[in-house]
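Reviewing the structure listed below.
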Amino acid sequence: MERNNNLHRQVASLRQSLFDQGYVDEQFIELEELQDDATPNFVEEVVTLFYNDSARLIHNIDQSLEEHPLDFAKLDNFMHQFKGSCSSIGAKKVKIECTQFMEYCRAGNVEGCKRTFQQLKREYVVLRKKLEVYFQYARQAGPTDTASYRPN
């Protein structure tokens with residue numbers, strides 16, 4: 001029983017750190033509120049769909065950044081889709097990089113796009129690792145009431 005309580009505390013701490021470090025925003029809470037006994041892994045399933053969709057979009061953007069000349073409209077369209085996916089799970093830091101990338105696209109700034117995309121991919125990898133650890137601990141701990149987080 002004590003081990004389970006410790007796991008639940010670790011899960012709550014990991015979850016809180018996602019917010020405190022700015023990796024996720026209030027949309028993550030909205031997803032959690034949709035999770036219930038009938039769909040106990042709803043958030044993890046939605047995040048997995050995000051990973052699948054974003055892998056495709058990252059690949060498309062990588063390929064488009066190799067084209068000469070760059071098709072900024074196409075890049076902006078791919079990034080708009082990616083930003084929407086980020087918004088759906090509350091991927092705050094990645095979404096910020098999406099916005100910056102889109103601004104560089106609209107300005108026709110090739111180097112800005114490439115530099116921001118590299119930063120976006122770094123933020124994406126960090127978020128993915130953090131969420132994987134969080135979900136791993138959450139599965140081990142089992143069901144519990146969601147720890148409440150309310151942004152300041």
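Scope of the values below: all heavy atoms of this structure, side chains included, with no hydrogens, waters or symmetry mates.
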Please check if Val126 and Tyr134 belong to a single hydrophobic cluster, counting links between Ile, Leu, Val, Met, Phe, Trp and Tyr side chain heavy atoms closer than 4.5 Å.
yes
Rounded to the nearest 0.5 Å, what separates atom SG in Cys98 from atom CZ in Phe78?
13.5 Å
What I want to check is whether the side chains of Lys93 and Gln21 have a donor and an acceptor closer together than 3.5 Å.
no
Just by distance, with hydrogens left out, do Gln118 and Arg115 show a side-chain donor and acceptor under 3.5 Å apart?
no
Derivation and outcome, side chain to side chain contact (heavy atoms under 4.5 Å, CB included), residues Gln81 and Asn60:
CA-CA 11 Å; Gln81 292 174 49; Asn60 290 343; over 6 Å; no
So, Asp20 versus Ser17: side-chain donor-acceptor pair below 3.5 Å or not?
no
May I ask you to decide whether Arg15 forms a salt bridge with Glu32, counting only side-chain N to carboxylate O separations under 4.0 Å?
yes
Could you go through the side chain to side chain contact (heavy atoms under 4.5 Å, CB included) check for Val24 and Ile89 one step at a time?
CA-CA 8 Å; Val24 296; Ile89 68 159; over 6 Å; no
At what distance, to the nearest 0.5 angstrom, does CD of Glu33 lie from CD of Glu30?
5.0 Å
Report yes or no: is the cationic atom of Arg128 (NZ for Lys, CZ for Arg) closer than 6.0 Å to the six-membered ring centre of Tyr51, at no more than 45° off its axis?
yes
Same cluster (ILVMFWY, side-chain, under 4.5 Å), Phe101 and Ile96:
no
Other residues, nucleotides, ligands: >12 heavy atoms within 6.0 Å of Tyr137 OH:
no
So, Thr39 side chain and Gln35 main chain: donor-acceptor pair closer than 3.5 Å or not?
no
Distance only, no hydrogens: is a donor on one side chain within 3.5 Å (strictly under) of an acceptor on the other, for Glu67 and Gln63?
no
Nearest heavy-atom neighbours spanning Ala55 and Tyr124
N-OH, 4.3 Å
